[in-house]
Visitor: 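Quick one: this structure, given as structure tokens, is what I'll be asking you about.
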Amino acid sequence: MTQQAQPEEWTLAWKLPPPREFGWKLKPLESARTSFDITPNNVFHLRIEHERIRGVTPAMLYWWFQNIGGAMTYQGRVYPRYLVWHPYDHIHWALARNTRPDGSIGVGSYFRIVEAFNADLTMLIDSIEQVVKLDETGIRLVRRIGGTEVFSLEHWFEPDGSDSRYRSHMVVGAESWFGRAVFNSLIRPQIFTRAMGSAWLKHNIEEVGAFENFLPEFYASMHQK
């Protein structure tokens, strides 16, 4: 069972952990199709159609998000799994809260995600997001303020032989009255800038592309009979 975040974790001043040099290259921005659109009400829409993820099935992706916490042995050393997923930008992951009676990760879990795009702490994200969908077709995370959804990130998984097709759509902001009058113009610029949006596109392409390098082997090791 994944442990929930402890109170002392909320007081940490985040620093980048040492980079993990695993010997594999991150996929470049140009490997995927991307778009970054801003609506008249200043809502960000960021979309990615990733390059095919070779050797990774939707079942593996579903399992990964159910088991993202904890540690793994990789290249002879033990790391938090989240730090293997992106060897430069990822800082911390925790199960912040869980409404699931059995303690498993799925719909009703709350992820605490800490990362710095481009390994730059001026682009630090420290966010709690609720899982509202998680199955072999994808995952959707949302964040709400006063009942208004101000952030969502959805990933879709589609089988392609022994590979996967993977699409992503992030929305930052809201078309509601609260979004137009408060969040989009006053709050969002303090926590997620346009520059961070562009940096996120690169970051997400890198972390999704990284699955090819470690997940098939790790998944197989965790399912040995």
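Every heavy atom of this structure was used, including side-chain atoms; hydrogens, water molecules and symmetry mates were not. Just so it is clear, the model here is predicted, and its values are computed rather than measured.
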Visitor: So, Thr122 and Asp120: side-chain donor and acceptor under 3.5 Å apart, yes or no?
Guide: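 There is such a pair (donor and acceptor under 3.5 Å, judged by atom type) between the side chains of Thr122 and Asp120.
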Visitor: Mind checking the CE-CG spacing from Met170 to Leu141? Nearest 0.5 Å is all I need.
Guide: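 Interatomic distance, Met170 CE to Leu141 CG, rounded to 0.5 Å: 9.5 Å.
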Visitor: I'd like to know whether Met72 forms a side chain to side chain contact (heavy atoms under 4.5 Å, CB included) with Val84, so could you lay out the CA-CA distance, the side-chain angles of the two residues, the decisive distance to 0.1 Å, and finally the verdict.
Guide: CA-CA 9 Å; Met72 63 184 288; Val84 174; 3.8 Å; yes
Visitor: Counting only heavy atoms from other residues, nucleotides and ligands, does the tally under 6.0 Å from CZ of Arg54 exceed 12?
Guide: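 Yes, because the 6.0 Å sphere around CZ of Arg54 holds more than 12 heavy atoms from other groups.
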Visitor: Can you measure from OG (Ser127) to CZ (Arg143) and round to the nearest 0.5 angstrom?
Guide: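 Going from OG on Ser127 over to CZ on Arg143, the span is 4.0 Å.
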Visitor: Considering only heavy atoms from C-beta outward, does the side chain of Trp93 approach that of Val114 to under 4.5 Å?
Guide: no
Visitor: Under the side chain to side chain donor-acceptor pair (under 3.5 Å) rule, what pairs show up with a residue in residues 186-203, not counting sequence neighbours?
Guide: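 Passing the test, one end in residues 186-203: Asp89-His203, Glu115-His203, Asn118-Lys202, Lys202-Glu206, His203-Glu207.
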Visitor: Indicate the ring-plane relationship of Phe211 and Phe214, choosing parallel, tilted or perpendicular according to the 30° and 60° boundaries.
Guide: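 It falls in the tilted class, 30° to 60°.
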Visitor: Once rounded to the nearest 0.5 Å, what's the spacing between atom OG1 of Thr73 and atom CZ of Arg81?
Guide: 9.5 Å
Visitor: Between Leu121 and Ile125, is there a shared hydrophobic cluster once you connect ILVMFWY residues whose side-chain heavy atoms come closer than 4.5 Å?
Guide: no
Visitor: Quick one: do Tyr79 and Phe22 satisfy ring pair (Phe, Tyr, Trp, His ring centres under 6.0 Å)? Show the steps, please.
Guide: CA-CA 12 Å; Tyr79 300 92; Phe22 295 135; 5.3 Å; yes
Visitor: If you compare all heavy atoms of Leu95 against all heavy atoms of Ser109, which two are closest, and at what distance to 0.1 Å?
Guide: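 Where Leu95 meets Ser109 most closely, the heavy atoms are CD1-CB, 3.8 Å.
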Visitor: From Ile53 CD1 over to Leu61 CG, what is the distance, rounded to the nearest 0.5 angstrom?
Guide: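 If I round to the nearest 0.5 Å, the distance is 5.5 Å.
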Visitor: Between Phe117 and His86, is any pair of side-chain heavy atoms under 4.5 Å apart?
Guide: no
Visitor: Do Arg52 and Asp163 meet the salt-bridge criterion of a basic N to acidic O distance under 4.0 Å?
Guide: yes
Visitor: Are Arg144 and Gln130 linked by a side-chain donor-acceptor pair shorter than 3.5 Å?
Guide: yes
Visitor: Could you check whether any side-chain heavy atom of Asp126 comes within less than 4.5 Å of a side-chain heavy atom of Trp14, counting everything from C-beta outward?
Guide: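 Sidechains of Trp14 and Asp126: in contact.
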Visitor: Under 4.5 Å between any side-chain heavy atoms of Val172 and Val43, yes or no?
Guide: no
Visitor: Hey, are Arg140 and Glu149 close enough for a salt bridge, meaning a charged N less than 4.0 Å from a carboxylate O?
Guide: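 A salt bridge is present here (some side-chain N lies under 4.0 Å from a carboxylate O).
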Visitor: Hey, does Ile105 have a side-chain heavy atom less than 4.5 Å from the side chain of Phe65?
Guide: no
Visitor: Would you please name every residue forming a ring-ring contact (aromatic ring centres under 6.0 Å, His included) with Phe178, sequence neighbours left out?
Guide: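 Listed in chain order: nothing, the list is empty.
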Visitor: Keeping Asn204 on the side-chain end and Ser168 on the backbone end, is there a donor-acceptor pair under 3.5 Å?
Guide: no
Visitor: With respect to Arg47, which candidate in Asp37, Leu201, Thr34 satisfies the side chain to side chain contact (heavy atoms under 4.5 Å, CB included) definition?
Guide: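 The single option meeting the side chain to side chain contact (heavy atoms under 4.5 Å, CB included) with Arg47 is Asp37.
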Visitor: Show your working on side chain to side chain contact (heavy atoms under 4.5 Å, CB included) between Phe157 and Ile139 and close with a plain yes or no.
Guide: CA-CA 8 Å; Phe157 318 145; Ile139 182 171; 4.1 Å; yes
Visitor: Nearest 0.5 angstrom please: Trp63 CH2 to Leu215 CG, how far?
Guide: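 Answer rounded to 0.5 Å: 7.0 Å.
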Visitor: Just by modelled atom types, is the Trp156 backbone N or O under 3.5 Å from a matching donor or acceptor in the Arg167 side chain?
Guide: no
Visitor: Considering residues at least two apart in sequence or located in another chain, which fulfil the side-chain hydrogen bond (donor to acceptor under 3.5 Å, both in side chains) criterion with Ser164?
Guide: none
Visitor: Between the side chains of His45 and Thr39, does any donor sit under 3.5 Å from an acceptor?
Guide: no
Visitor: With salt bridge (Lys or Arg N to Asp or Glu O under 4.0 Å) as the test, would you mind laying out the steps for Arg165 and Glu158 before giving the verdict?
Guide: CA-CA 5 Å; Arg165 299 286 181 179; Glu158 298 177 19; over 6 Å; no
Visitor: Same cluster or not: Ile38 versus Leu153, using hydrophobic residues (I, L, V, M, F, W, Y) connected whenever any side-chain heavy atoms lie under 4.5 Å apart?
Guide: yes
Visitor: Would you say that Val171 contacts Phe151 through its side chain, given a criterion of any heavy-atom pair below 4.5 Å between the two side chains?
Guide: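 Side chain of Val171 against side chain of Phe151, heavy atoms only: no contact under 4.5 Å found.
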Visitor: Any donor and acceptor pair, going by atom type alone, linking the side chain of Asn213 with main-chain N or O of Trp24 inside 3.5 Å?
Guide: no
Visitor: Tyr74 versus Leu83: any side-chain heavy-atom pair under 4.5 Å?
Guide: no
Visitor: Over all heavy atoms of both residues, which pair between Ser31 and Ile205 is shortest? Give the atoms and the distance, please.
Guide: OG-CG2, 3.6 Å
Visitor: Measure across Ser176 and Thr148 and return the closest heavy-atom pair with its distance rounded to 0.1 Å.
Guide: OG-CG2, 3.5 Å
Visitor: Identify the two heavy atoms, one from Thr57 and one from Ser162, that lie closest to each other, and give their separation to 0.1 Å.
Guide: CG2-O, 3.7 Å
Visitor: Quick one: sort the Tyr82 and Trp85 rings into parallel, tilted or perpendicular, breaks at 30° and 60°.
Guide: perpendicular
Visitor: Measuring from Met222:CE to Asn67:CG, what's the distance to the nearest 0.5 Å?
Guide: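 Between Met222 CE and Asn67 CG, I get 6.5 Å after rounding to 0.5 Å.
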Visitor: Please report the shortest heavy-atom distance between Pro17 and Ile91, naming the atom on each side.
Guide: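 Taking Pro17 first and Ile91 second, the nearest heavy atoms are CD-CG1, 4.0 Å.
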Visitor: Between Glu212 and Lys27, is there a side-chain N and carboxylate O pair less than 4.0 Å apart?
Guide: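 Here Glu212 pairs with Lys27 in a salt bridge, since their nearest N and O are under 4.0 Å apart.
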Visitor: Does any non-hydrogen side-chain atom of Val56 lie less than 4.5 Å from one of Tyr219?
Guide: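 Sidechains of Val56 and Tyr219: no contact.
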Visitor: Hydrogens and angles aside, do Ser104 and Gln66 bring a side-chain donor and acceptor to less than 3.5 Å of each other?
Guide: no
Visitor: Indicate the atoms forming the closest heavy-atom contact of Val208 with Tyr166, along with that distance.
Guide: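 Smallest interatomic distance, heavy atoms only, reads CG2-CE2, 3.6 Å.
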Visitor: Tell me whether the count of non-hydrogen atoms from other residues, nucleotides or ligands lying under 6.0 Å of CD in Glu217 goes above 12.
Guide: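 Incorrect, the count does not exceed 12.
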